[in-house]
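This report concerns only the one structure given below.
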Amino acid sequence: MKPSFDVLDKEERQSQQVARQRGFLPRLRAVVVLLAVVYAVYCYLFSKPLLAHPLPKHTGPYAVGTIDIEAPVSPPRSIHEARFKGTNEKAFELETVLFSLYYPTDHDTAVAASGQTKRHTWVPQPLSLRAQGYARAAHISNWFTDKLFTTAIDALVGGITIPAAVDAPLSDYATPSSQEKRTNKEKQPHTQPSEDGPVGGYPVIIFSHGTVSARTDYSHFAGELAARGHIVAMLEHRDGSSPGTIIQQPNQPNRTRLLFDVSAVETPDHSLSLTEAEFHHAQLSFREAEIEAAVHILKAINAGHGSQIASQNPHHHEGRHTLPHWTGRLNTHAMTVAGHSYGATGALQALRGGPTQARPFRAAVALDPGKQSGPLNEDVRVPLLVVHSNSWSSKRSVFYGGRAHFDVVKGIVEGNNKRGNPSWFMTSIGTSHPSVTDAPLLEPWLLSFTTGATIDVYEGLRQYVHVVEDFLAFLAGGEVRGLMAEKAEFPQYDEGAVLGMGKPGQGGRDGMVEDLKKGEWADWRRYWQIHVSPAGNV
Ligand SMILES: *[C@@H]1O[C@H](CO)[C@@H](O)[C@H](O)[C@H]1NC(C)=O
């Protein structure tokens, strides 16, 4: 996440100028400080989280259950030879895999389960670890700033919990009972679902996070997919991209892994530093190994080893109530790999060579595929959905081979369509890079201010959930609905439409009013620009 502060600076300068002219800046400052103090005291007295909003409840037909699973990778896999400077410890040795599962449960059992166990906190303990990682990311980590960040995180989000029932039973209903059906245009694109479709059991999604992120950062998005009948595994990567994570193994002391970059590692003989490209390559290989390890664990659960995995789970043996009953209930033949930013780069990479035993991915969802995480894999052989946030499409960036990042992404999706794999590429209007994370839900004002997102934060996330849900429905049964059925009207990202000054067919035109009367999806043009769709071009 790289918030742009240009806008901020400009606005601040302007408002400062105005304020100085009127001569009330000192008074204004005093008022702001006073308000902040009053607000802090209010939050303290009424045990309200300071500034951060609680995470909203999930909205799908199912209630949402969650389990943290950490499982040993045995034998450990050595992904790259690099070692940490100073300690000589191997930097890329995969010993355990850690992920949060979000899954469908029933509303009554979820209530019962949440009475028995505490909810997961959004920032896992100890907070100081996360704080130290953020301070490192900002290149200001020292004793004082670490303490300061810990205090700030505690005050801001320390009280936030994830509204999912820990270790509640997996729902018995195979399909959502009250799945809302969205009506849409009759037109159907000439596409068929892939031949080797789902075999039965809940569809499984493995999700890989972006830089300076952790497994809880997309909890609402993941929970919304779970509430719609999917099992979602949110990985926490130990490749140096998590702010702070603990590697826990049975009968071994805890080890912490803080955020690290290329400057922290060297070759085993202490002679060479790694290049930036080598470092990214090592990180992406590590992520791929973690993705494979998660697949392995989910297959083991499906094969009946749920109780063994729970009994080894250092996270309070979570899963001991529900995992033993998951045998044969997961569709582990056809999983979907998904990711955001660096994670989207990783998800694309995991498709290389097509589905295998270790990577049984029959589809992928890439949200804001990375601009600085190395070249994007073009060897895609399964259906693909690429969603860009507004800021990701609008900010032009030159990518590998001197091509624009947007064009590279578009080329991958178009090529994949030509090979007969239905694929979509679209931009979500009004959103910014972190819009799909929990951050805007927790701090809407702060996020809009620093990243320029203009869309209502709940609406932004809802749009992401709907489009991914429609893609997953297409994968499950071949139903082409919602945005999946729309044609690509915008071969290039079009700024004009965002401002409501577009050509006919874009958002903000006069005809919109009539269209709005035609159901929920008729006004999709307010939220989306479709760049590539198998429904063919206009
Ligand atoms: C490891 O860390 C976790 C989380 O802070 C803690 O609950 C657990 O007790 C620790 N285990 C050991 C062996 O120190």
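Start at 1 and go down the list; that is how both ligands and their atoms are numbered.
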Seminar exercise, completed: min-distance protein heavy atom vs atom 10 (C) of ligand 1 -> N254 ND2, 2.5 Å
Exercise. Less than 4.0 Å between a side-chain N and a carboxylate O, is that true for E266 and R83?
Worked result: no
For this session: Check whether any protein heavy atom sits under 4.0 Å from atom 7 (O) of ligand 1.
Result: no
Exercise. Is Q125 touching ligand 1 with its side chain, its backbone, both, or neither, if touching means heavy atoms under 4.0 Å apart?
Worked result: backbone
Exercise. Does F279 have its ring centroid less than 6.0 Å away from the ring centroid of H80?
Worked result: no
For this session: Considering only NZ, NE, NH1 and NH2 on the basic side and carboxylate oxygens on the acidic side, decide whether R130 and D154 come within less than 4.0 Å.
Result: no
Exercise. Considering only protein heavy atoms, which is closest to atom 4 (C) of ligand 1, and at what distance to one decimal place?
Worked result: I246 CD1, 3.9 Å
Exercise. Hey, does H315 have a side-chain heavy atom less than 4.5 Å from the side chain of Q248?
Worked result: yes
